[in-house]
Amino acid sequence: MTKRTYWLEHAWLGTEVEPGVVVETEGGRIGAVRTGAPTPPPGAEVLRGLTLPGLANAHSHAFHRALRGTVQVGSGTFWTWREVMYSVADHLTPDTYHALARAVYAEMALAGVTCVGEFHYVHHAPGGTPYADPNAMGEALIAAAAEAGIRITLLDTAYLASAIVNKHSGEPPNHHQLRFSDGSAEAWAERCSVLKERDHARIGAAIHSVRAVPAGQLATVAGWAQQRRAPLHVHLSEQTAENDACLAAHGCTPTRLLADHGVLGQRTTGVHNTHLTDEDIALLGGSGTGTCMCPTTERDLADGIGPAVALQRAGSPLSLGSDSHAVIDLFEEARAMELNERLRTRTRGHWTAAALLRAATADGHAALGWDEAGTLEPGALADFTTIALDSVRTAGPLPRLGAETAVFAAGAADVRHTVVGGRHVVRDGAHTLVPDVPQALSAAVDALRG
Ligand SMILES: [Zn+2]
């Protein structure tokens, strides 16, 4: 097994920044971590700057990357944005999606991301006809992650209905949504059960939302995830219209509906959790259900600011995602958590930099079912990323304030190295597997324009 020695000029070890840290890796895992090494040992690979555990991007829809910039004209709401998003989804095939996702995941590696949670719902051909391999789209995403050198949790998503009609049924999928639907939760489970895990890939489940999965079918999806001890994600109360429809049909909030159907729990993550009642917060926190916030997308889509601080206090661990990929920069997601809260409350200091880095690393990985990643300690997967402390953005603060610099000053452009399973995927700011990431992105987006 390949053994490697790294010397980290500075490293964030979960609470404090240490100067001079030696990390030995073997077989893709961290074997030993030694602090107090002022100079690199002979033969060590030198990582100048601040090394963090690899970042987990806990919520992604890779194809939304094709919308970047193009949706920034005119006015509207989440619902008008969704129409534009659907017009891109209409053009995806296993080949075009593979090319786009490979480039998007390469962009993530360049931003320090070592693991992505892909909330995947474009399953079938337009009109809803299954491909010869009914998992062709999911397989395209798993292959794309391998080629971009990062880990993936494919959160295969049940999407069966267009809207809530009443207690018992949903409105059938519209013509865009036909390709998202397996027809029933049982058929969804049957298709997902064929997907195989690999060294770099795990399989999880997702409920698109209480809009898209009728109440009577929620338990089937939850049971599938529970049986496999797999992560289960769900878009939750991103829009007040979802809350209103749920209240009208079921007489309760989406959170209460999920609780009553066995969806909440420690392996479940609610994504957005924007418009919640106090009872919702208590239900999510009390059950240990995680919260994945995607602040750059939430502000882009004019969603609102979710009660992340109250959720964390109630017991809901935080993870972060770049979701629609308006930007791919987990440092920006992390600082937005604190800065949004400052705007809302007109006071400072709701999150420490260390707490936000934990959300972007250990807690993010845990939300994706990779409990053994996201820390720099013996036994953990050898996934880490190094940011420059001498760029125009990060120069100045004392190195011991590295966590604060990472969260409040750095950006994706400061990532120098990304190592996944002991392999350099990004070296000196360049991707080692995808030679020209901007070109790959342009070509993949062009192909979708037809
Ligand atoms: Zn989403």
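One-based numbering along the sequence shown.
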One thing to verify: whether Arg198 and Glu139 come together as a salt bridge, which I'm taking to mean a side-chain N less than 4.0 angstrom from a carboxylate O.
yes

May I have all residue pairs that pass side-chain hydrogen bond (donor to acceptor under 3.5 Å, both in side chains) and include part of residues 258-271, sequence neighbours excluded?
Arg256-Asp260

Taking ring pair (Phe, Tyr, Trp, His ring centres under 6.0 Å) as the test, write out the residues that go with His417, two or more places apart.
His424

Is the ring pair His120/Tyr97 parallel, tilted or perpendicular, if the boundaries are 30 and 60 degrees?
tilted

Short N-O contact, Arg82 and Glu238, less than 4.0 angstrom:
no

If you measure from the Lys or Arg side-chain nitrogens to the Asp or Glu carboxylate oxygens, is any gap between Arg191 and Asp182 under 4.0 Å?
yes

Would you please name every residue forming a ring pair (Phe, Tyr, Trp, His ring centres under 6.0 Å) with Phe331, sequence neighbours left out?
none

Is the shortest side-chain N to carboxylate O distance from Arg335 to Glu338 below 4.0 Å?
no

Before accepting this row, confirm whether a basic side-chain N of the pair Arg299/Glu332 lies closer than 4.0 Å to the acidic partner's carboxylate O.
yes

Is His200 reaching over with its side chain to a backbone N or O of Ile142, donor-acceptor style, under 3.5 angstrom?
yes

Please list, chain by chain and in numerical order, all residues satisfying ring pair (Phe, Tyr, Trp, His ring centres under 6.0 Å) with Tyr86, sequence neighbours excluded.
His176, Phe180

On a heavy-atom basis, the closest approach of Ser316 and Thr291 is OG-OG1, 2.7 Å

Looking only at non-hydrogen atoms, find the nearest pair between Ala185 and Leu160 and report the distance.
N-CD1, 3.6 Å

Is a salt bridge present between Arg29 and Glu26, judged by a nitrogen-to-oxygen distance below 4.0 Å?
no

Looking at residues at least two apart in the chain, or sitting in another chain, which of them share a salt bridge (charged side-chain N to carboxylate O under 4.0 Å, His left out) with Arg102?
Glu147

Mind checking what makes salt bridge (charged side-chain N to carboxylate O under 4.0 Å, His left out) contact with Arg423, not counting sequence neighbours?
none

Pair Arg179 + Asp90: basic N to acidic O under 4.0 Å
no

Please verify the inter-ring angle class for His61 with His59; under 30° counts as parallel, over 60° as perpendicular, anything in between as tilted.
perpendicular

Any idea which heavy atoms bring His250 and Ala215 closest together, and the distance?
CE1-CB, 3.5 Å

Closest heavy-atom contact between Leu368 and Thr153?
O-OG1, 2.8 Å

